[in-house]
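Notes follow once the structure below has been shown.
Only heavy atoms go into these numbers, but all of them, side chains included; no hydrogens, no water, no symmetry mates. Letters A, B, ... are given to chains in the order of the sequence lines, protein chains preceding strands, and every chain is numbered from 1.
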Amino acid sequence: MPLKRNVSYWEGLKYKGGGPMWAWILHRLSGLGILLFVGLHVLASFLTAQFGSDAGITINIIYESWAFQIIVYFSILFHAVNGLRVILLDFWPALLEYEREAVWAEWFVIVPVFGLATYIIITKAFGG
Amino acid sequence: MQVTLKVYRYNPEKDKKPHYDTFTLEADPTERVLDLMERIKGLQDGTLTFRRSCAHGVCGSDAMRINGVNRLACKTLVQDVGKKITVEPILGLPVIKDMIVDMEPFFENYRSVMPYFVNNDPPPNGERLQSPEERERFDDTTKCILCAACTTSCPSFWANGKYVGPSAIVNAHRFIFDSRDQAAKERLEILAGQFGVYRCRTIFNCTLACPREIQITKAIGEIKEAIATGNLD
Amino acid sequence: MSNQHQYEVIVVGAGGAGLMAALYASRSANTAVISKLYPTRSHTGAAQGGISAAIGNYEEDRPEWHTYDTVKGSDYLADQDTVEFMCNESPKAVYELEHMGLPFSRTPEGKIAQRPFGGHTNNETGRPVRRACYAADRTGHMILQTLYQQCIKNKVTFYDEFQVLDLLVVNGKAAGVVAIELATSEIHIFHAKAVIFATGGHGRIWEITSNAYANTGDGIAITLRRGLPAEDMEFFQFHPTGIYRLGILITEGVRGEGGVLINDKGERFMDRYAPHVKDLASRDVVSRAEYIEMKEGRGIGGKRYLYLDARPETINKYAAIDGRTNPDGTPYTITGEELLKKLPDIIDFCRTYLGVDPVTQPMPVQPTAHYAMGGIPTNIKTEVIIDENNTVMPGLYAAGEVACVSVHGANRLGTNSLVDLVVFGKHAGINAAEYARGADFEPLPADAADFARQQLDAIRHSKGDEKVYQIGLEMKQVMFDHVGVFRTEAGMTEALAKIRELKERFKHIHLEDSGTVFNTELLSAWELSNLLDLAEVTAASAVARRESRGAHAHEDYPKRDDVNWLKHTLAWLRGKDDVELRYKPVVITKYQPKERVY
Amino acid sequence: MQARRIPKILSFESIMWLFMRISGLAMYVFALTGLTIALIMGARTQMDMGTLLRWTFFPIGTHVTSSDILVLEQWINPFWTIMQYLTIVFATMHGTNGLRMVLEDYMDAGWGVHVLRGLLLIIWLFMLLVAFNLIQTTGAV
Ligand SMILES: Cc1cc2nc3c(=O)[nH]c(=O)nc-3n(C[C@H](O)[C@H](O)[C@H](O)COP(=O)(O)OP(=O)(O)OC[C@H]3O[C@@H](n4cnc5c(N)ncnc54)[C@H](O)[C@@H]3O)c2cc1C
Ligand code: HEM
Ligand code: SF4
Ligand code: F3S
Ligand code: FES
């Protein structure tokens, strides 16, 4: 008997696709992450506003923690910048030849902006 | 120099689960990984099983994962991958034995995109004319050898084998942009469907894996553009 | 127990010849194609340079010139009626391929582009003519892909990864084949009215070869074992430009575009061997010249290779010396970029395997075993013949490299094989289907699969300690050294003895894989047994031929001998150490043999 | 040579593909407009970074009530409310469709796909309803 289609998530992750593959994985995770974040946030606010439930407060406490802010901020920043890259390359297919280079370029935008923001968030969290 | 080759093994008649075997042998840095596998099969372990034919990258038999990426064993030199080499079958197709996977699903996807020339006008006495520029338009995608290195490197295909995959799209591209062909519309309609080009998330693994250096992601992008604009030039 | 199938026409092999035959046969007969490789893996895909047809897209050209060039290239051993047929049909065949969508390279007016190739000339001026239609340096790839695509379009039935082991002959007629399914080792019997063999070449007999692992001459070995003869096996072409040590081919198209061969002293030595067409002399001539250069110590660094120099500056320099011009009369020049457009794959091979960039460095080359002129004898209708009187075996056809209609005689001109495939492949398909219409299925014997099974069982159960790999290696070496570019009586006799010794040793091989799923070890061993048979027949046919003609260069008999040897060899494998040789005359229509100068 | 053209092809997949890109761009436009105008209106001195971000992406009243905003009315006006509606429509639709893409990657053709699409449509509508309600009740103070 042949083995069935042989790709577990783990096997897939081990594939050495490099930058573009990881950019896609992060785009997917960040997109889903944002959706979850926005969805819960809206739901919680709704429950609080309509039924005076505590859920909103609990969730907001988590959301406002500095660690969570870093994650959310990264997700949004990465998803937005990478999304823009995807859109640009899709609208000018000739550029798709340089996808690998484009992913590098993208990090040149993300890293400094994210670094600065993280710095601000952290100093604010610990510096008062 | 001494090279160790770690090989994925699965024999359906003996094994329940795949395992790895390690072989050590002397090799030249300029030898092909395929040469090493041939030598192992000839002198160390006759049961090692893989496909091969041309041995110089034109027949598409021996796509496999070498040190984690899809390559042709006959186009990968030892010096390209180092002294520690791991070979495993390509992903996303059923493994029949060692490096041999069932290619049927791959070819089924290929056949589903009308990968053949269609022109129903009566042919002229001589050739149909085509300018060098028109010929150049689809040159890149004529190079495909159907090795499946691209399709089996694509996470979208791993997720769902119904996705026709980059290789089939490349072969559709070859005809869609051929100025002599008349079935571009039918092909594009297939590709605009549920398992067509929109399963491609421009992950780019395919382009990096293609041993013929075809700009696959670009070809897919051109097809998306053609679907959206109707322009085939 | 066995699986039985019934088709009117069975095509064995899915290379250019097999697919062409299948396309035509399937139009009017129930047809199936059996191939041990997925069709697109066939070695036709490796062909690079071009397919010739006298369509004269740049300059005047005529099928008669093509015919004469082919006959001359064959050293007058080709059958002239078949050559004429092929050369007249080839323009039609090429246009037909174009109509199937084959993406040929184009001239500025949009016609099929053509390039010069060795031995193809304008008969009036004696200068090289642009006759080879090409698609960059991937002509064979495009042919194979195009034909396979058309087969899909026309819903041809394929049995992929089924290896044919035996031909069934009932009442003197072909009645089908026996095949093994690689994935399961199950034996299948294919009952047929007509069988077409298109199994390709057997270059794997030699150590340095441009041929694929799959080119093991299965077709000829099968018919030999069924008591049929093989024709002209001593003629095997050594291509002058294989990549040093690997044998991977560098197309003659490189020289067609102006590349030249250079020895250790930096001389363009072909000046001396072929003063008129120089580097574009026919392959036997160039390979022999290389051999002599190396023997006389002018190989690069004294080693066994030469340089093929295709750097633009070299090409332009010699093009100026030769006075080569473009179609419009301006001097011929080329740039690195144009070279890359015309020969992308060659440049890629050199970069990958040698780390050499042909645009800036010369390529190290040596002769490489390339093409079988000999094979299963057929007549002009591609019917297989079984003796020197041209007696036909009804229902059996052969086309492509496996066959010997003898259009190539003692030496094939470059690009003529692809023509051979499409022209004779097509006619094999048409003729076999027509025959099948008027024929009945012969009843199959109950033990139809026995002979095939015996052969496999002998290998499976053989108990010894010989390694298939080792025997193969020794065969390849002795054949390359002694039945190669240059041959001597003593060398060939030694080789023959050695092959026979290896055949004995083969009876004591040991296999490690006893499984049934993709037992490639078993089938490689079977393939080696085929190669050994063919090597024996080749060596035996070669020792007997005491002359030099085309690819058969006999050092002890350096002259062509038309009085005694203007004839085809037919060889039967009769039993242990017994090859029976008989001869049949060459068909000569218009061109009387004369001395060959290039 | 004549240009080769065929009619444009519209399929569910191709429309959604275009939509994902257009909505992505639209969100850029909203966010950038929001950010620019907010900065012009003095956000630089009146908001910390977190608030500014929240405002940029979702300019809803509650997002500024906890900051040093001096004149609340200035921030809570019909312009921002419209921005808010557009952003939430696009973001949830983009996000839900993204979720659909991810899930469908693992599904074959058949009724399952239609059930999923229906379900996600309902979820999306529910999300919109809730969000609209929120904007109505808390946004336009
Ligand atoms: C590197 C190279 C370059 C060349 N360049 C040129 C060129 O430029 N111009 C030119 O004219 N010629 C060229 N040639 C020669 C030409 O390509 C070959 O002679 C020709 O392709 C042979 O085609 P074929 O159809 O006979 O066989 P192949 O293409 O070799 O096909 C053989 C088929 O038979 C099948 N088969 C074999 N054994 C079995 C079995 N036992 N059971 C079932 N199936 C079997 C295989 O699977 C395969 O499908 C070149 C050859 C080489 C090696
Ligand atoms: C500036 C803002 C944004 C841009 C430019 C953007 C861009 C994109 C693009 C182009 C895609 C398609 C990717 C593909 O087809 O492979 C995408 C996917 C996705 N987006 Fe966004 N997006 C943005 C904001 C958001 C938001 C706010 C959410 C959540 C509510 C979100 C959730 C998703 C999800 C879940 C996917 C699917 C991911 C996948 O299929 O892998 N995005 N985004
Ligand atoms: S596109 Fe490239 S990787 Fe994919 S099958 Fe063709 S040759 Fe192989
Ligand atoms: S890897 Fe897959 S997702 Fe697209 S770009 Fe290549 S087909
Ligand atoms: S063996 Fe033909 S591609 Fe590797």
Whether over 12 other heavy atoms sit under 6.0 Å from C:Lys153 NZ: yes
Salt bridge check: are B:Lys75 and C:Asp348 linked by an N-O gap of less than 4.0 Å? yes
Is chain C contacted by the side chain of B:Gln79, its backbone, both, or neither, given a heavy-atom distance below 4.5 Å? neither
Given heavy-atom pairs under 4.5 angstrom as the criterion, report whether the side chain, backbone, both or neither of C:Tyr213 touches chain B. both
Indicate whether any N or O donor in one side chain lies under 3.5 Å from an N or O acceptor in the other, for B:Lys41 and C:Thr520. yes
Relative to chain B, which segment of C:Lys341 carries a heavy atom at a distance below 4.5 Å: side chain, backbone, both, or neither? side chain
Heavy-atom contact with chain B under 4.5 Å, split by part of C:His141: side chain
Between B:Glu127 and C:Asn57 the two heavy atoms that sit nearest each other are OE2-ND2, 3.0 Å
Please classify the contact of C:Lys111 with chain B as side chain, backbone, both or neither, using a heavy-atom distance under 4.5 Å. both
If you look at every heavy atom in C:Ser524 and B:Arg52, which pair is closest and at what distance? OG-NH2, 4.5 Å
Pairwise side-chain contact, B:Arg174 with C:Pro103, heavy-atom cut-off 4.5 Å (strictly under): yes
Residue C:Arg245 excluded, over 12 heavy atoms near CZ under 6.0 Å: no
Segment of B:Glu38 engaging chain C (4.5 angstrom heavy-atom cut-off): both
Which one, B:Asp45, B:Asp178, B:Asn11, leads in non-hydrogen pairs under 4.5 Å with chain C? B:Asp45
Would C:Arg106 and B:Glu134 satisfy side-chain contact (heavy atoms from CB on, under 4.5 Å), going step by step from the backbone distance to the final call? CA-CA 9 Å; C:Arg106 299 286 166 162; B:Glu134 288 169 331; over 6 Å; no
Hey, which of B:Leu77, B:Thr76, B:Thr142, B:Leu48 has the most heavy atom pairs under 4.5 Å with chain C? B:Thr142
Do the side chains of C:Gln149 and B:Tyr110 get nearer than 4.5 Å, heavy atoms only? yes
Please look at B:Met114 and chain C and tell me whether the side chain, the backbone, both or neither of the residue comes under 4.5 angstrom of a heavy atom of that chain. neither
Given that the side chain runs from C-beta out, which part of C:Phe518 has a heavy atom under 4.5 Å from chain B: side chain, backbone, both or neither? both
Calculate, to the nearest 0.5 Å, the distance between atoms OG1 and CZ belonging to C:Thr107 and B:Arg135 respectively. 13.0 Å
For C:Leu144, which atoms come within 4.5 Å of any heavy atom of chain B: side chain, backbone, both, or neither? neither
Honestly, the part of B:Lys14 sitting under 4.5 Å from a heavy atom of chain C is neither
Chain C-proximal positions within residues 19-32 of chain B [heavy-atom distance under 4.5 Å]: B:Asp28, B:Arg32
Would you give me the side-chain donor-acceptor pairs under 3.5 Å for residues 54-61 of chain B, sequence neighbours excluded?
| from | atom 1 | to | atom 2 | distance (Å) |
| --- | --- | --- | --- | --- |
| B:His56 | ND1 | B:Cys54 | O | 3.1 |

How about B:Phe107 and C:Asp160: do any of their side-chain heavy atoms sit closer than 4.5 Å? no
Look at C:Leu102, C:Leu97, C:Asn215 and state which one has the largest set of heavy-atom pairs under 4.5 Å with chain B. C:Leu102
Answer with side chain, backbone, both or neither: which region of B:Leu146 has an atom nearer than 4.5 Å to a non-hydrogen atom of chain C? both
Among C:Leu249, C:Ile55, C:Asp345, C:Val94, single out the residue with the greatest number of heavy-atom pairs under 4.5 Å to chain B. C:Asp345
Region of C:Leu37 in contact with chain B, defined by heavy-atom distances below 4.5 Å: side chain
Sort B:Arg128 into side chain, backbone, both or neither according to what part of it lies under 4.5 angstrom from a heavy atom of chain C. both
Evaluate side-chain contact (heavy atoms from CB on, under 4.5 Å) for B:Gln130 paired with C:Phe104, printing each intermediate quantity in order. CA-CA 9 Å; B:Gln130 180 171 57; C:Phe104 282 108; over 6 Å; no
Is it the side chain or the backbone of B:Leu43 that comes within 4.5 Å of chain C heavy atoms, both, or neither? both
Bottom line for C:Val468: the part with an atom under 4.5 Å from chain B's heavy atoms is neither
Quick one: of B:Lys97, B:Glu213, B:Glu104, B:Glu133, who has the most non-hydrogen atom pairs under 4.5 Å with chain C? B:Lys97
Answer whether the closest heavy-atom distance between the side chains of B:Leu129 and C:Glu109 falls below 4.5 Å. no
Using the side chain to side chain donor-acceptor pair (under 3.5 Å) rule, collect all pairs that involve residues 35-44 of chain C, keeping only residues at least two apart or in two chains. C:Lys36-C:Thr216, C:Lys36-C:Asp218, C:Lys36-C:Glu527
4.5 Å side-chain heavy-atom contact, C:Arg138 and B:Asp139: yes
Would you call B:Arg180 and C:Glu98 a salt bridge, using N to O less than 4.0 angstrom? yes
Using a 4.5 Å cut-off on heavy atoms from C-beta on, say whether the side chain of C:Asp513 contacts that of B:Thr49. yes
Please determine whether the number of non-hydrogen atoms from other residues, nucleotides or ligands lying under 6.0 Å from atom NZ of C:Lys467 exceeds 12. yes
Who in residues 115-126 of chain B is close to chain C, using a strict under-4.5 Å heavy-atom cut-off? B:Pro115, B:Tyr116, B:Phe117, B:Val118, B:Pro123, B:Pro124, B:Asn125, B:Gly126
